[in-house]
Amino acid sequence: MPRLYFDANATTPPHPEVVETVRKAMVDDWGNPTSTHREGQRARYRIEEARREIALSLGVAPGELVFCASATEALHLLLRGMQPDLGNRPAAVFPGEHSACLNPLRDWSRVAWLPEVPRDCATVVQMAANNETGLLYAMPTVLDAVRIQDCAQAWGKVPVDLSACDAAVFSAHKIGGPRGAALLWMRAGLPWEPVMEGPQERRRRGGTEDLPAILGCAVAVRHLPERQAMNTALVALRDAFEAEITSWNRDIEVIGLGSPRLPNTSCVLFRGRNGEALHAALDLAGFAVSTGSACHSGSVKPSHAITTLGYSLEDAGSVLRFSMLPEARPEEVEALAAAIKRLA
Ligand code: PLP
């Protein structure tokens with residue numbers, strides 16, 4: 001049996017048109033966009049074309065988008081760049097944020113955890129969708145604070161609404177785009193200073209732009225409407241999968257059941273079981289899934305996204321995340337459920 005991939009929240013295979021666009025750009029468009037000769041200007045034109053297309057899809061001004069290499073980088077540029085102006089005031093942060101967001105916040109003098117919002121709060125940081133649980137979150141209403149949304153997981157799975165935000169990040173490799181392209185969107189006038197200096201990206205992100213990745217990102221964005229429709233249709237498959245795996249064992253619990261969640265994600269607690277061992281057994285059986293743990297310097301640390309929901313460290317070590325690709329088929333999901341039944 002071919003291997004079956006249920007780890008779409010980690011990364012997704014690039015769309016064939018993305019692969020072809022990246023390949024072609026590496027052959028035809030290798031000019032440096034900062035150069036003033038014809039090769040450079042052609043590359044510059046292609047980048048700006050991509051920026052306009054992506055901005056139109058997000059409903060923002062093209063000049064407000066900064067191309068970065070990853071959402072991790074975008075979050076670091078954003079939060080470190082705001083720090084000189086605002087870092088002496090507290091940030092109100094959702095405790096389940098991705099480490100890509102929590103790490104740059106270490107430079108801030110004070111961080112309060114939502115729902116606590118200090119009166120002199122400078123920024124509110126609330127991810128649109130959690131990568132591990134799939135739970136969806138709305139941006140809290142806080143006056144006079146910069147509202148930041150990490151849309152890395154929501155993009156292409158559920159509609160993204162930037163009207164309640166001032167800054168947001170997106171990652172191409174989560175939507176069938178290439179590695180090496182991500183977006184930092186900042187509303188014009190945001191208090192912010194560049195962290196990586198250089199003339200590129202209007203002095204907001206130094207470093208020669210990765211043109212093939214940026215063009216590949218634009219192609220992935222072009223395919224977003226169909227991707228989102230396919231993801232929306234996964235709800236029935238996800239619900240059937242969850243009903244099936246919880247039907248035979250009372251110690252299996254779906255985290256976040258009944259709350260608004262990503263349509264492709266099931267975060268499952270196998271109470272009393274070792275998540276790492278189950279993950280390895282499923283991998284051997286041909287299924288790529290993810291644990292609720294993160295590996296830091298060789299030691300496995302249960303996920304804070306799970307413990308902040310009130311689960312114990314032991315429970316967090318017993319969690320597996322199943323995240324479907326948009327094209328997941330019922331028979332593949334049934335095969336996964338059967339394997340879980342055999343192994344759990
Ligand atoms: N934010 C969230 C919610 C994520 O899930 C991820 C990656 O899994 C990131 C940020 C980091 O994205 P990237 O891989 O582009 O650095």
Side-chain angles (χ1 to χ4, degrees), residues 5-14 18 54 58 65-80 93-106 114 124-139 147-158 160 162 165 167-185 195-196 205 207 209-210 213-214 216-217 220-221 231 255-256 260-267 288-296 301 303-306 308-309 319-325:
Y5 185 79
F6 290 96
D7 201 11
N9 291 6
T11 197
T12 59
V18 168
I54 296 168
L58 289 173
L65 281 183
V66 182
F67 286 120
C68 303
S70 63
T72 302
E73 183 199 324
L75 285 162
H76 278 67
L77 294 187
L78 176 63
L79 291 163
R80 293 214 166 122
V93 180
F94 172 59
E97 289 296 317
H98 195 276
S99 56
C101 178
L102 296 177
N103 289 337
L105 279 164
R106 285 203 296 246
L114 287 169
V124 181
V125 185
Q126 173 66 73
M127 66 199 329
N130 184 268
N131 43 300
E132 289 176 37
T133 60
L135 285 164
L136 303 181
Y137 297 95
M139 179 58 72
R147 299 156 302 172
I148 297 176
Q149 195 164 54
D150 177 349
C151 298
Q153 287 299 338
W155 206 25
K157 296 182 186 131
V158 289
V160 165
L162 296 179
C165 307
V169 305
F170 305 85
S171 182
H173 75 94
K174 309 283 189 192
I175 61 156
R179 240 53 67 81
L183 308 167
L184 166 56
W185 168 69
V195 175
M196 262 161 74
R205 193 259 190 183
E209 294 93 336
D210 188 341
I214 290 170
C217 175
V221 167
N231 268 321
I255 293 177
R261 284 183 295 147
L262 291 174
N264 77 321
T265 306
S266 298
C267 182
V289 306
S290 166
T291 58
S293 312
C295 193
H296 297 287
K301 190 169 167 271
S303 162
H304 68 285
I306 312 291
T308 54
L309 293 177
V319 166
L320 291 187
R321 177 189 71 190
F322 308 95
S323 51
M324 291 183 264
L325 290 169

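Note that ligands are numbered from 1 as they come in the structure, with each ligand's atoms numbered from 1 the same way. If you're wondering where the values come from, they're calculated on a predicted model, not measured in any experiment.
- Residue-level contacts of ligand 1 at the 4.0 Å heavy-atom threshold are Ser70, Ala71, Thr72, His98, Met127, Asn131, Asp150, Ala152, Gln153, Ser171, His173, Lys174.
- Nearest heavy atoms, Met127 versus Gly96: SD-O, 3.4 Å.
- A donor and an acceptor atom, one from each side chain of Asn131 and Lys174, are nowhere located under 3.5 Å apart.
- Considering all non-hydrogen atoms of both residues, Gly176 and Val18 come closest at O-CG2, 3.3 Å.
- The heavy-atom pair separating Asp7 from Arg321 by the smallest distance is OD1-NH2, 2.8 Å.
- Arg261 and Ser266 make their closest contact through NH1-CA, 4.3 Å (heavy atoms, listed as atom of the first residue, atom of the second, distance).
- When only modelled atom types and interatomic distance are considered, Thr265 and Asn9 share a side-chain donor-acceptor pair under 3.5 Å.
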